[in-house]
Enquirer: 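Provided herewith is a single structure, encoded as structure tokens, for subsequent inquiry.
Each chain gets a letter, A, B and so on, in the order its sequence line appears, and its residues count up from 1.
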Protein chains: 2
Amino acid sequence: MSAPSHLSDLGPAPCAEQGSALRLTRQRREVYDVLLERRDHPTVQEVFARAKERMPKISLATVYNCLEALMQVGLVRQVNLHRSPSRFCPNLSDHAHFHCAACGQVSDIPLEATPCPTLPDGAVLHQQEITLRGLCPHCASPKHS
Amino acid sequence: MSAPSHLSDLGPAPCAEQGSALRLTRQRREVYDVLLERRDHPTVQEVFARAKERMPKISLATVYNCLEALMQVGLVRQVNLHRSPSRFCPNLSDHAHFHCAACGQVSDIPLEATPCPTLPDGAVLHQQEITLRGLCPHCASPKHS
DNA sequence: GTGAATGCAAAACCTTTGCAACTGG
DNA sequence: CCAGTTGCAAAGGTTTTGCATTCAC
């Protein structure tokens, strides 16, 4: 909850990729706000639904666009999952994602030490993603099954 | 979304021990052989095409089935990628996957130390996936531009 | 023999694209 | 003003499903 509450500074390349300035549109702001409001890793459809509540005219394609744009500037990360649509995450700290195979929920797992694999000579690393799959405490509990 | 019912009958299959209740069909064997032959992380379509060469009657749905079954018993891992169909990998050793954003190739990166994030109390870990994204040596080279 | 797996085709689904209208800087 | 963005709708591609037939055990 200590993250940047509002994207007041989207223009001046926040997380410094290649100096691309992001044009601040109402839609992008709305999509980003939706992600910040509840850190529950929504799917595109969920982002769309939530954004629509406050901006009924917004289109699904625009949500995809906005998310892609936010990812480009480094404010948002995409989580690619097995048998499940992608989720989106505005948490920029180093962390892994835990995907429950039963209920489908995704949660953040803090990483104390970031692994540093040896890349092939000359390779350039842009991004690193750690995904854990299993059963969340609730679904793993014997009472639950 | 989760908890595919028609897969549960393969048995719990903790980690590909001998007791796996996997029914050995020609198709499953063929699909697995295809994966072992070239360790190049093929997509489902590629597996399908290669399997078809030697088993012309095999269907795409069956390839999906077989891959899912092989994953359930732990012989195969699926790699979920951004803007790219899933790839499949029969390499069971601890390793990460490097996905080149330019050419799309996926390669294995050995891990010397496996990170061990602290899971929430009661959570059960089934599998861990580390995906790196960037430019492979070839695509990162200036000459290649 | 019997339940599970296959093959085929269609459906469901997620994501991308094309284009005219609009808008942020 | 103008390039970049949106909304809409339709296309594109991947993955899943239903059902009759076939097969492994």
Enquirer: Between atom CD in B:E30 and atom C1' in C:dA5, what is the gap in whole Å?
Expert: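 Answer to the nearest Å: 16 Å.
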
Enquirer: Indicate whether OP1 or OP2 belonging to C:dT15 is found under 4.0 Å from a side-chain N or O atom of A:S86.
Expert: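 Looking at the OP1 and OP2 atoms of C:dT15, one of them is under 4.0 Å from a side-chain N or O of A:S86.
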
Enquirer: Listed by chain and number, what are the salt bridge (charged side-chain N to carboxylate O under 4.0 Å, His left out) partners of A:R54, not counting sequence neighbours?
Expert: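 Once residues adjacent in sequence are excluded, the partners of A:R54 under the salt bridge (charged side-chain N to carboxylate O under 4.0 Å, His left out) criterion are A:E30, A:E37.
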
Enquirer: Measure from CG on A:N80 to P on D:dT14 and round the result to the nearest Å.
Expert: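 Rounded to whole Å, this separation is 15 Å.
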
Enquirer: Just how far, in rounded Å, is P of C:dA5 from CE of B:M55?
Expert: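 Distance, rounded to whole Å: 16 Å.
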
Enquirer: For nucleotides 17-25 of chain C, just jot down a letter per nucleotide in 5' to 3' order: B, S or -, based on protein non-hydrogen atoms under 4.0 Å.
Expert: B-----BBS

Enquirer: By the 4.0 Å heavy-atom rule, please label A:I58 as base, sugar-phosphate, or nothing.
Expert: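 Since only primed, P, OP1 and OP2 atoms lie under 4.0 Å of A:I58, the category is sugar-phosphate.
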
Enquirer: Is B:S59 close enough to C:dC8 that one of its side-chain N or O atoms is under 4.0 Å from OP1 or OP2 there?
Expert: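 Answer is no, no contact under 4.0 Å.
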
Enquirer: Counting only side-chain heavy atoms from C-beta out, which of D:dG7, C:dG7, C:dT15 sits nearest to A:L60?
Expert: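 Out of D:dG7, C:dG7, C:dT15, the nucleotide with an atom closest to A:L60's side chain is C:dT15.
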
Enquirer: Would the number of heavy atoms belonging to other residues, nucleotides or ligands and lying under 6.0 Å from CZ of B:R29 be above 12?
Expert: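 Atom CZ in B:R29 is not packed in, count stays at 12 or less.
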
Enquirer: Judged by modelled atom types alone, do B:R133 and A:Q127 share a side-chain donor-acceptor pair under 3.5 Å?
Expert: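 Their side chains do not contain a donor-acceptor pair, so the 3.5 Å distance test is not met.
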
Enquirer: Check the distance between C:dA5's P and B:R29's CZ and give it to me in whole angstrom.
Expert: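 Going from CZ in B:R29 over to P in C:dA5 covers 17 Å.
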
Enquirer: Please determine whether a side-chain nitrogen or oxygen atom of B:Y64 lies at a distance below 4.0 Å from atom OP1 or OP2 of D:dT15.
Expert: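 Checking B:Y64 against D:dT15: at least one side-chain N or O falls below 4.0 Å of OP1 or OP2.
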
Enquirer: Determine, for B:R38 against B:E46, whether the closest basic-nitrogen to carboxylate-oxygen distance falls under 4.0 angstrom.
Expert: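 Here B:R38 does not pair with B:E46 in a salt bridge, since their nearest N and O are not under 4.0 Å apart.
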
Enquirer: Closest to the B:K57 side chain: C:dA5, C:dG7, D:dT15?
Expert: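 Within the option list, the nearest is C:dG7.
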
Enquirer: How many Å lie between CD on B:E68 and P on D:dT17, as a whole number?
Expert: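 Spelled out: CD on B:E68 to P on D:dT17 is 10 Å.
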
Enquirer: Within this structure, what is the CD-CG distance for the pair A:E129 and B:N80, rounded to the nearest 0.5 Å?
Expert: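 That separation rounds to 10.0 Å.
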
Enquirer: Could you tell me whether the side chains of B:Q105 and B:H41 share a donor-acceptor contact shorter than 3.5 Å?
Expert: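 There is no such pair (donor and acceptor under 3.5 Å, judged by atom type) between the side chains of B:Q105 and B:H41.
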
Enquirer: Evaluate the side-chain contact (heavy atoms from CB on, under 4.5 Å) criterion for residues A:T62 and A:R28: first the C-alpha distance (whole Å), next the side-chain angles of each, then the deciding distance (0.1 Å), finally the verdict.
Expert: CA-CA 9 Å; A:T62 295; A:R28 284 175 179 172; over 6 Å; no

Enquirer: Between C:dT16 atom C1' and A:Q78 atom CD, what is the distance in whole Å?
Expert: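 In whole Å, C:dT16 C1' and A:Q78 CD are 13 Å from each other.
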
Enquirer: Short of 4.0 Å, heavy atom to strand atom, which residues of residues 38-52 of chain B count as contacting DNA chain D?
Expert: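 Residues of residues 38-52 of chain B under 4.0 Å from DNA chain D: B:V44, B:Q45.
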
Enquirer: Are the side chain of B:H95 and the backbone of B:S93 linked by a donor-acceptor contact shorter than 3.5 Å?
Expert: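 Yes; at least one donor-acceptor contact below 3.5 Å.
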
Enquirer: For A:L81 and C:dC13, give me the distance from atom CG to atom P, rounded to whole Å.
Expert: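 It works out to 18 Å between those atoms.
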
Enquirer: Less than 4.0 angstrom from a charged side-chain N to a carboxylate O is my criterion; do B:D40 and B:R50 meet it?
Expert: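 B:R50 and B:D40: salt-bridged.
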
